[in-house]
Engineer: 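First, the structure itself, so that you have it in front of you.
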Amino acid sequence: MTADAPSWLYAVVPGTINEPPAGTTGVTEEPVRLLPAGELAAVVGTVDIEQGGAERLSRRLQDPAWLERAVRRHHRVVTALFRAVPTVPFRLATVYHDDQRVTNLLCERSAELLTALATVTGRAEWGVQGYAIPDPISDTSAPPPSPSPARAVTGAANQTATQQPRPGTEYLLRRRAERSRQQQARAAAQSAAQQIDTALTTLAVAAHRPSMNGRPADPEQPGTLVFNASYLVDEGDADRFQYTIQQLADELPQLRLRLTGPWPAYSFVEVEVESP
Amino acid sequence: MTSVVNPGGNQRHAVNPLVAEPVSLVDLLDRVLARGVVVSGELTLTIADVDLVHVSLRALLSSVRPGLSGLPSQALP
């Protein structure tokens, strides 16, 4: 049994909203609609897929170009809502057979969804990243220092080993110095990360600190990512939050700080809802 | 040196929410693919799996040439 007109669920908003922001279209450029359910409303779109339903949608999502377009359009819907009302974003590709099943979800899970809505109301998510600025002194790609010129003058073929530079020892010393520099750099990055997190957590309602392991490097950002976190901040504290970032940047010249936001609170609505 | 990037506005400290601008793809994928409410919907789609997210991120980033990722979505084929 295939779903020929599946409902793509973008977000849940308060039931008091009358209509979605004008002209909002979704991942397949379909118009976005509201499904009211008591104190909540679901924001959905009927995804226009021909026969094949879930399989076809899965295949499209494997296509990087389609996936990127879907991601940006999903986010565009969520953001348009976020600018107007408190918004609980759903993960990409939450799809139901039809509108009725979405409404059922809202009724059956109203408690969790109302809690999520309360969590995001009057707040926004801010992303903070710190990139280590490359230090030219510890740049391991620099060529090793050449031997002193005085040694090179006597270029006789039978030069004895004790008068030659000792490349093996030099190499080991250089390696040891480099490891030491790297350890210092790591310790400094850790210290900076702690300082940033401590300062920002006091201004936030909540913090999300994902592991950086396995995170692909962003080709648009130079330097090494050493700090990556999101903070849920009351709207009234946004200015102070931004000001604090600026202060931290002044205190940590070895890092390039990057602030993104305000985001809809994707990282603070971790509700796991099993389908009924 | 800091920069403020508004996923819905201009790159400046005073946030203008009405101006649309493409967001960094990695920042976006981090959120839209890996976070948000997770539901076991009726149409089983594997995109919500975290490992798949990282595979998708890499595939996506390798398919985007530097400089092109800043184009608005309407410009994509």
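The analysis underlying the following values was restricted to heavy atoms, covering all of them including side chains, and did not include hydrogens, waters or symmetry mates.
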Engineer: In terms of heavy-atom proximity below 4.5 Å to chain B, should A/Asn228 be classed as side chain, backbone, both, or neither?
Structural biologist: side chain
Engineer: Is a side-chain donor-acceptor pair under 3.5 Å present for A/Gln129 with A/Arg256?
Structural biologist: no
Engineer: Side chain, backbone, both or neither: which part of A/Pro210 has a non-hydrogen atom closer than 4.5 Å to chain B?
Structural biologist: side chain
Engineer: Angle between ring planes, A/Trp8 versus A/Tyr10, binned at 30° and 60°: parallel, tilted or perpendicular?
Structural biologist: tilted
Engineer: At a heavy-atom distance under 4.5 Å, which candidate from A/Ala238, A/Ala80, A/Ala265, A/Ser230 has the highest pair count against chain B?
Structural biologist: A/Ser230
Engineer: Under 30°, 30 to 60°, or over 60°: which ring-plane class applies to A/His75 and A/Trp263, parallel, tilted or perpendicular?
Structural biologist: tilted
Engineer: For residues A/Pro14 and A/Leu117, determine if any side-chain heavy atom of one lies less than 4.5 Å from a side-chain heavy atom of the other.
Structural biologist: yes
